[in-house]
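Single-structure report; data block below.
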Amino acid sequence: MAMEKTFDAATAESRLFNAWEQAGCFTAGANAKPEASSYCIMIPPPNVTGVLHMGHAFNNTLQDILIRWKRMQGFDTLWQPGCDHAGIATQMVVERELANTQQPSRAEMGREAFLEKVWDWKGKSGGTIINQLKRLGASADFSRTAFTMSGAPGAPADEADGNFHDAVIKVFVEMYNKGLIYRGKRLVNWDPHFETAISDLEVENIETPGHMWHFKYPLAGGATYTYVEKDEDGNVTLEETRDYISIATTRPETMLGDGAVAVHPSDERYAPIVGKLVEIPVGPKEHRRLIPIITDEYPDKDFGSGAVKITGAHDFNDYQVAKRGGIPMYRLMDTKGAMRADGAPYAEEAAKAQAHAKGAEFTENEIDAINLVPEELRGLDRFEARKAVVEQITSEGLAVMITETQTVKDDDGNETEVSQIVPFVENKPIMQPFGDRSKVVIEPMLTDQWFVDAEKVVGPALDAVKDGTVKILPESGEKTYYHWLENIEPWCISRQLWWGHQIPVWYFPGRNKDGSVGDPDGAYDGPLAICASDTKELAAIVKERFNGAIFTEISSDFSAPDNNPMDAFMTNSLLGTNEDYSSLVGFRDPDVLDTWFSSGLWPIGTLGWPNDTQEMATYFPTSTLITGQDILFFWVARMMMMQLAVVDQVPFDTVYLHGLVRDAKGKKMSKSTGNVVDPLDIVDEYGADALRFTNAAMASLGGVLKLDMKRIEGYRNFVTKLWQASSYGDNVIDAFSAERDADAPKATLPLNRWIIGEIAKLREEVDSAFDAFRFNDAANALYAFFWNTFCARYLEFTKPIFHGDDQAAKDETQAVYAWAIDQSLILMHPIMPFVTEEIWNVTDGRGIETGDASKMLIHADWPTYKAADLVDAEAEAEMNWVIAVIDNVRSARAQVNVPAGAQVPMVVTQIDAAGKAYWDRNEALIKRFARIDSLTEMDEAPKGSIAIAAPGASFGLPLAEIIDVAKEKARLEKTLGKLAKELGGLRGRLNNPKFADSAPAEVIAETRANLAAREEEEAKIKEAFERLAEIA
RNA sequence: GGGCGAUUAGCUCAGUGGUAGAGCACUUCGUUGACAUCGAAGGGGUCACAAGUUCGAACCUUGUAUCGCCCA
């Protein structure tokens, strides 16, 4: 059947994809050879609320290239797709939908009903991004699409069969029992909008306009000191008596929770007052707290006044200082970021804090219970409180004042300078943390959270990369990996959300034997906590531990009416004071696990662990992970730690990291800049193959990814080129009618022997590029081969054969042409699956219409032939000679303005035996493409000829009457100039005795051969130049 | 401030010690029967700078400058 004029990507893509999917081409193990090794890629699970963006398109193109390549090679492949449940993002999406459809809010409907809504939403809309991947041609095993919440309680029937939930819970319980997970009070990123802790990854630090206020903290009891400032040379520039220390802050509202003022130990200005007490200048005057001046390495002497207030509960740096110095950390805000309104009146609370400062013992929880917000600020939003605090301090005269001079114009236009004393407030940009979803300012907050003790599990993850078990590409990624893991922090894994894996820990509040609040064990001041994988296991633990006590659970949804954790407290406390419990009432921790905790188990969780599955046996450890370098820490490192901690094996052997896809100028794509490119728009306009080829060509190791539309257009043209060359084979030379074979046809013509060898070289190049994850090298090799070698040379050179009457030559060339196209399609298929499959199909009706997967290109055998076997050096030398003659003639003609269409005569003055043979065999071809009508042998070229030098031969075009002699002279002079430069370099090297001594023999031989060739060329051109000089 | 990286043709980028490359853009020419989403022929680079190692450096070392990214 004749090929259409052009490739219609829009209709072909969906038709081909459906045919592949229906024929089961993507399923695990499809096209595997018997006894094949396995090759597995885990998709980095996109967010279930996500839509496809360029980053996904790039990332998944690379994965698909590798999978298709390995699948064609006969490996037992699995590309495992799926999504993560994205706790915060999904809750946000569903809550927004509830609001838009006038349904009750999350809080109104309660936890259980809300989760039902989430599952409904997931069923309706959760598959968006996975379906979008199909538009790219992604050949993942969609029948295995996984979800990090599958199998969770409350999951609908179609999500209940997965067991990701079991895996997550089992890992938590095991790590808890091994002491790798603990609960504690620690500073976390708190999102006041969603009222949950969030991970560092979900925080965006953005520079925003802010203010730096300067306040005076008076020394206690009116004490004074001499404050001295010196310049670089030690000269005194300021000396005065002060009764205060000056503090600079961007967050005055946190002053209420200050625990100390810190200065650098080497700061001489404050040395006299270190250890003294200062008064926090806010709050009711009669209850002002006193805090100490301490030393710490953290303050920067040159920043602000050099003195820093320490608010351990609301700042990450201060937290470290407070921990080092044993400074109390007072929490000032509630979960919404408003100033606390709980607790006793301020006077009472301030007294507690002062008592603690003087040495009274308080537990962590007791300190946390202290509310140091004065009555008039309680309940205010933090930004409102900030204004109020600034106002209070300023009105009390405790702001640092400066003189500001302004020029003012009066009504008559006279300018006068007016000075006034104003509070010192610097307007300056400050880095502020924002929640990436909520867009509100993140509040560092001291809260109770669950943590993985990362330090205890980091060792094996470090070793696996250090000893080469796992490779990270590009190599610089390994350095970053070490740096982070060697300085690892505890990992906060609890989130105050409803959508997620609920933490499998139950609390049993009660009363200690001495009557104090505590757990039924009487062990410590928190409630008793028991970790178990489910309530059945929990009941067994309770029964055994408390002499046969029955376990009764109350709901942990304390937002529900009539449900209060105090119920459990009351019930348990009524149960007597000895160990004879008959029943214990507990509730489950309401928090859920960080989504990354489940994503961290993606490799084993998707393969069915903890069950002993065939997939685990076959595909784990997996092979290659391709992901963005921005989640090296958050995901890659955690997968390493968790898989090693849980199954004692690395999750993959190679990690390929890539950067962010940017616009053509290198700017980040963002909605606000308006430079976002939708990959599906590109697919619509240029076809998926063009986008994929662009992605591959951009993917140099460690390279920056700049997406340029011009480039996509160029690769769309390449798709067309491939189509046209195939259509020439089909419609013009009828190459595809005969039977063909995977092996190269027998060929006698040098042209055909040559292209077979070129294909073999290409196959090696493509394989070694893919092996080394150099997708760009593979793409460039394919592009250069097909455009410059196959189309510009081979295809053109077949024309004289089909215009001639040598039937044997025609038959052979048809066979070789068809084979070369087939091989090109195979080698290009991983990068451009659609157009290649379509051509494969229409040139032989193979597979797509019949649904026979074994005849589709996607399951064709990847070739293994070697250049060493298929390259014919003789044929190669001959074709290179022919090409050199044609190129030289064309170039010379163009430069001296011989009309391109003119047929001209040529003379040969000298030619060696090889050259003669080459000429004789390729005369028709050379004449056609060099536009030569005759060749005459002469001893000497006619005066005024154009000189053509070829290896072993000298030609001339006797066109004295047509050409511009001056131009020809200029051309030859230019060539001689270039040659002279090259010759100089080559002779310089060869004449240097040290070069002969130190350089490898092959380099010397190569240099000599090169010199000889250049010298021959120079001699010919000089001769021609002299001949030309004779006539002009 | 700490860590990682970059600087090569007008633009976007390859190039891990042996004659500086590609694509795009540019100039000139072209309705020769695969293809104008094309063809032919060209121009264009002190490889950021400086010093060093080497027979030989875009490439290795050190420093400087500028620019990114990540973490504070």
Side-chain angles (χ1 to χ4, degrees), chain A residues 3 5-7 200 205 298 300 303 316-317 320 431 474-484 487 629-630 632-633 659-660 662 664-666 668 686 690 694 697-698 700-711 713-733 774 776-777 779-781 783-784 787-788 791-792 795-796 798-799 802-803 886-887 890-901 903 928-929 931 971 978 981-986 988-1000 1002-1004 1006-1007 1010-1011 1013-1014:
Chain A
M3 284 178 71
K5 189 99 177 111
T6 52
F7 174 57
D200 297 353
N205 288 299
Y298 164 62
D300 178 352
F303 191 80
F316 284 95
N317 290 312
Q320 295 300 334
M431 288 299 271
E475 220 176 305
S476 63
E478 295 188 353
K479 286 188 196 170
T480 317
Y481 179 87
Y482 297 144
H483 185 253
W484 190 70
N487 299 288
Q629 59 202 182
D630 51 336
L632 173 64
F633 310 143
L660 217 62
R662 297 156 182 286
K665 297 213 172 86
K668 268 189 194 176
Y686 298 99
T694 308
M698 282 200 296
S700 64
L701 271 175
V704 182
L705 307 175
K706 295 186 192 172
L707 186 72
D708 189 347
M709 286 304 154
K710 299 293 289 183
R711 219 166 161 189
E713 198 183 314
Y715 292 126
R716 189 270 321 268
N717 296 350
F718 183 60
V719 170
T720 305
K721 193 81 179 170
L722 175 61
W723 185 267
Q724 297 299 348
S726 305
S727 124
Y728 167 83
D730 197 21
N731 300 334
V732 181
I733 66 170
R774 294 179 174 271
N776 59 318
D777 285 354
N780 289 335
Y783 185 98
W787 203 301
N788 302 330
C791 291
L795 185 153
E796 292 295 333
T798 63
K799 288 176 181 173
F802 289 100
H803 287 118
I886 293 171
D887 283 359
R890 282 175 163 187
S891 174
R893 289 170 57 123
Q895 285 181 62
V896 296
N897 297 342
V898 176
Q903 294 280 349
R928 178 186 174 97
F929 292 103
R931 310 229 117 218
R971 179 180 80 92
K978 274 189 194 163
K981 208 174 143 192
E982 278 183 54
L983 284 165
L986 291 168
R989 274 202 280 163
L990 286 165
N991 291 340
N992 184 339
K994 287 186 180 168
F995 177 69
D997 289 348
S998 344
E1002 58 192 40
V1003 170
I1004 297 176
E1006 200 181 305
T1007 310
N1010 211 338
L1011 179 66
R1014 297 291 110 162

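Every chain is numbered from 1 and lettered A, B, ... according to where its sequence line falls, protein lines coming before strand lines. Just the heavy atoms: all of them, side chains too, but no hydrogens, waters or symmetry mates, feed the values below.
Look at C69(B): its Watson-Crick or wobble partner, with both distances under 3.5 angstrom, is G3(B). Within the shown strands, nothing qualifies as a pairing partner of U31(B) under the Watson-Crick or G-U definition with both distances less than 3.5 Å. C55(B): Watson-Crick or G-U partner is G18(B), with both key distances under 3.5 Å. Across all strands shown, A36(B) remains unpaired; no Watson-Crick or G-U wobble contact has both distances below 3.5 Å. In a base pair of the Watson-Crick type (N1 to N3 plus N6-O4 or O6-N4) or a G-U wobble (N1-O2 and O6-N3), with each distance short of 3.5 Å, A25(B) is matched with no nucleotide. When Watson-Crick and G-U wobble pairs are counted only if both distances are under 3.5 Å, A50(B) pairs with U62(B).
Distance from the side chain of R774(A) is smallest to G15(B) among G33(B), G15(B), G18(B). Considering only side-chain atoms of A894(A), the nucleotide from G18(B), A41(B), A14(B) that sits closest is A41(B).
Without hydrogens or angle criteria, Q724(A) side chain to K5(A) main chain gives a donor-acceptor distance under 3.5 Å. Under the 3.5 Å distance criterion, the side-chain polar atoms of R893(A) are matched with a main-chain donor or acceptor of R931(A). Judged by distance alone, the side chain of S891(A) and the main-chain N or O of D887(A) form no donor-acceptor pair under 3.5 Å. A donor-acceptor contact shorter than 3.5 Å is absent between the side chain of D730(A) and the backbone of S726(A).
Applying the 4.0 Å criterion to OP1 and OP2 of G5(B), one finds that S476(A) has every side-chain N and O outside that range.
Contact annotation: side chain of R711(A) to base of U12(B), donor-acceptor pair absent below 3.5 Å. For K479(A) against C4(B), a side-chain-to-base donor-acceptor contact under 3.5 Å is absent. Below the 3.5 angstrom threshold, one finds no donor paired with an acceptor across the side chain of D708(A) and the base of U12(B). Side chain E796(A) to base A34(B): a donor-acceptor pair is found below 3.5 Å.
Across G17(B) and A6(B), the matching P atoms stand 15 Å from one another, rounded to whole Å. Here the separation of A25(B) from U19(B), taken at their P atoms, is 30 Å to the nearest Å. Taking atom C1' on both A58(B) and A20(B), the two are 8 Å apart, rounded to the nearest angstrom. Rounded to whole Å, the P atom of G21(B) lies 16 Å from the corresponding atom of G15(B). A36(B) and U28(B) have their P atoms separated by 22 Å, with the value rounded to a whole Å. Using atom P as the reference point in both C47(B) and C59(B), the two lie 10 Å apart (nearest Å). The separation of G39(B) from A22(B), taken at their P atoms, amounts to 16 Å, rounded to a whole angstrom. The P atoms of A9(B) and A48(B) are separated by 8 Å, rounded to the nearest whole Å.
The shortest heavy-atom contact between T798(A) and Y728(A) is OG1-OH, 2.9 Å.
Nucleic acid contact for N992(A): sugar-phosphate only, since backbone atoms but no base atoms lie under 4.0 Å from a heavy atom of the residue. In this structure, R716(A) reaches the bases: a heavy-atom distance under 4.0 Å links it to at least one base atom across the strands shown.
In this structure, the CG atom of D777(A) is 9 Å from the C1' atom of G15(B), given to the nearest Å.
Checked against a 6.0 Å centroid threshold, the rings of Y715(A) and Y686(A) do not count as neighbours.
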